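What follows is a set of notes on a single structure, which appears directly below.
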Amino acid sequence: MASARQGYIAPWWTYWLHNFPHLNFNFQPVDSSFKPGQVDYQQSLIFLACVAAVGLGLSLLVLAVYLSCLCFCRREEAEETKRPDGCCITWAAVITGLVICSAVGVGFYGNSETNDGVYQLTYSLYNANHTLGGIDSLVAGSLTSMQTRLKEHLARLDEIFSPRGDYLQTLRFMQQMADNIVRQLTAMPNISKARQDLADIADQASYIEYYRWLTYLLLLILDLVICLVACLGLAKQSRWLLTLIMALGVLTMILSWASLGVGTATAVGTSDFCVSPDKFIVNQTKEFLSGDVIHYYLYCSQTLPNPFQQSLTIFQRSLTTMQIQVQGLLQFSLSVFPTAERDLLGIQRLLNSTEFNLHQLTALLDCRSLHKDYLDALVGVCYDGVEGLLYLCLFSLLAASAFCGMLCAIPRAFILIASRDRDYDDIDEEDPFNPQARRMASYNPSRANVHSFCSYSSSLGSQSSLQPPPPQTTSTAPTAEYMNQSMLFGGNPRYENVPLIGRGSPPPSAS
């Protein structure tokens with residue numbers, strides 16, 4: 001019968017997911033038909049979710065092995081090279097950031113698609129529940145009118161028309177018509193159970209979807225925050241930020257693998273339903289709805305007969321007959337029994353309202369309204385919903401892989417930061433050729449004893465008796481030679497005025 005429907009065709013990805021192996025905890029194959037009440041089918045979905053747990057275990061194992069090798073090989077690498085190459089760390093950070101940003105974009109799209117699909121499902125369920133509620137209300141109102149209010153009017157008219165046997169016979173005939181209507185309405189299927197099921201499904205779907213959407217939204221924001229903080233920590237070479245990123249990275253990787261497992265199991269289970277939804281619905285409603293009624297609403301084909309047509313026809317004919325009888329009594333009996341006018345008019349108004357309810361009931365029982373809601377629910381779940389779940393699974397896989405790479409790159413960043421710290425610690429502040437040392441000397445006036453770059457160690461003792469020449473009193477301005485010597489010896493008064501000859505310094509230029 002699946003080929004009879006033209007409005008719904010299961011998408012290709014549902015068949016792809018439906019063909020995933022379904023195994024129970026004993027590794028035995030299980031029927032892939034959607035049977036959420038069976039234990040074996042539940043175990044097959046849990047088994048698919050546990051595959052992601054295996055991926056998490058492998059990721060943690062690879063990460064532990066990598067860190068162990070990095071710690072053991074760190075000393076050998078330190079002996080071979082003074083500073084590790086930061087190019088690999090930079091490229092690893094760039095690639096990891098791009099992958100995380102791409103994964104977050106995919107995750108936002110998948111989260112929105114899944115939310116749209118579930119919203120369309122719940123909207124269709126609530127709309128179908130409203131239609132069924134209208135049918136139930138019309139049937140109950142018509143039964144109340146025929147069994148209670150009409151009976152009261154007929155009882156009073158029976159007393160009024162007691163002298164006339166022909167009028168009493170008309171009342172008996174009207175009671176028979178009312179009984180026919182009651183039998184037809186009572187024979188209609190009890191849809192209160194279906195209403196309760198639809199309402200419960202819609203409420204549970206809305207409740208679960210709200211927290212699912214919120215959880216994924218927080219996970220996506222957390223991934224972005226971790227990516228930004230990691231870039232900040234690498235830029236500032238902050239060890240405590242990188243340590244925080246290590247802890248959050250491990251947590252996020254675990255959450256990503258967990259979301260991958262749950263998303264995969266949910267997508268596979270939903271696809272199992274989408275491949276053959278009619279079979280599941282027939283099995284769930286066979287206890288309170290007949291097969292011809294279910295097929296009428298599931299397929300809504302012009303070739304299928306309306307299972308309510310006979311009941312509605314009898315209802316209409318009986319109601320028309322009663323209206324004719326009441327009109328005759330109003331025309332011929334009021335001249336003899338004027339007190340019967342009130343009850344006859346009451347019956348006439350009751351029959352008119354019942355006829356209006358009949359027209360509404362006929363429109364609601366038509367298959368087109370409920371069938372449209374059914375197709376909208378299938379499209380929402382099997383197209384937008386499953387597609388969104390697939391994108392969310394892709395996001396989880398990319399995020400888990402990216403954070404695993406980030407956790408492998410951050411220890412290298414620690415080594416690079418430590419190596420640079422050692423390089424700064426090895427700098428000799430007394431070295432006159434060190435630009436940093438010269439800057440420190442220029443900004444530290446208390447440091448006056450600065451060694452000259454000229455070699456004076458060999459003649460230091462022989463020149464200790466030399467005295468600087470007396471200052472000339474003819475000029476107060478310093479000569480160029482004196483300024484050059486001051487600049488040459490860093491302002492040290494011990495060697496400013498000592499002649500260059502005999503101190504191991506080259507002779508002055510001939511110019």
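No experiment lies behind these values; they were computed from the predicted model shown.
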Verify whether one side chain among [X] and [Y] offers a donor that lies under 3.5 Å from an acceptor in the other.
X: Y297; Y: D373; result: no
X: Q316; Y: T320; result: yes
X: Y126; Y: D203; result: yes
X: Q348; Y: Q327; result: yes
X: H22; Y: S32; result: no

[X] side, atom [atom1]; [Y] side, atom [atom2] - distance, nearest 0.5 Å:
X: L154; Y: I347; atom1: CG; atom2: CD1; result: 4.5 Å
X: S162; Y: Y167; atom1: OG; atom2: OH; result: 13.0 Å
X: Q310; Y: I314; atom1: CD; atom2: CD1; result: 5.0 Å
X: I254; Y: L60; atom1: CD1; atom2: CG; result: 6.0 Å
X: I135; Y: L370; atom1: CD1; atom2: CG; result: 6.0 Å
X: L365; Y: Q309; atom1: CG; atom2: CD; result: 10.0 Å

According to side chain to side chain contact (heavy atoms under 4.5 Å, CB included), who are the partners of [X], at least two apart in sequence or on a separate chain?
X: Y109; answer: E113, E387, Y391
X: Q42; answer: none
X: E152; answer: T148, R156

Checklist line | Intermediate values then yes/no, side chain to side chain contact (heavy atoms under 4.5 Å, CB included), M322 and T354 | finding: CA-CA 11 Å; M322 293 176 66; T354 304; over 6 Å; no
Next item on the list: Could you tell me how the ring of F20 sits relative to the ring of W16: parallel (under 30°), tilted (30 to 60°) or perpendicular (over 60°)?
Entry: perpendicular
Next item on the list: Could you tell me which non-hydrogen atom of T131 sits nearest to which non-hydrogen atom of S369, and how far apart they are?
Entry: OG1-OG, 3.9 Å
Checklist line | Proximity of F337 and F161 rings by center, below 6.0 Å | finding: yes
Item checked: Aromatic contact, F47 with F27 (centres under 6.0 Å) -> yes
Check: Who are the ring pair (Phe, Tyr, Trp, His ring centres under 6.0 Å) partners of Y119, not counting sequence neighbours?
Finding: none
Note to self: Quick test of your reading of the model: are R183 and D179 salt-bridged, counting only N-O distances below 4.0 Å?
What the structure shows: no
Check: Hey, are D272 and K35 close enough for a salt bridge, meaning a charged N less than 4.0 Å from a carboxylate O?
Finding: no
Next item on the list: For L329 and L171, run side chain to side chain contact (heavy atoms under 4.5 Å, CB included): C-alpha distance rounded to whole Å, both residues' side-chain angles, the deciding distance at 0.1 Å, then the answer.
Entry: CA-CA 10 Å; L329 290 176; L171 296 179; 4.2 Å; yes
Does [atom1] belonging to [X] count more than 12 external heavy atoms closer than 6.0 Å?
X: Y210; atom1: OH; value: no
X: W13; atom1: CH2; value: yes
X: F25; atom1: CZ; value: yes

Margin query: My understanding is that only residues two or more places apart in sequence, or in another chain, count here; which of them pass side-chain hydrogen bond (donor to acceptor under 3.5 Å, both in side chains) with R342?
Written below: none
Item checked: Residues that W12 engages under side-chain hydrogen bond (donor to acceptor under 3.5 Å, both in side chains), provided they are two or more places apart -> none
Within-4.5 Å side-chain heavy-atom neighbours: [X] and [Y]:
X: I100; Y: I226; answer: no
X: L143; Y: M188; answer: no
X: Q38; Y: V30; answer: no
X: F356; Y: L138; answer: no
X: S142; Y: L361; answer: no

Checklist line | Candidate pair C382 and C274, rule disulfide bond (SG atoms under 2.5 Å apart), full reasoning | finding: CA-CA 6 Å; C382 303; C274 294; 1.9 Å; yes
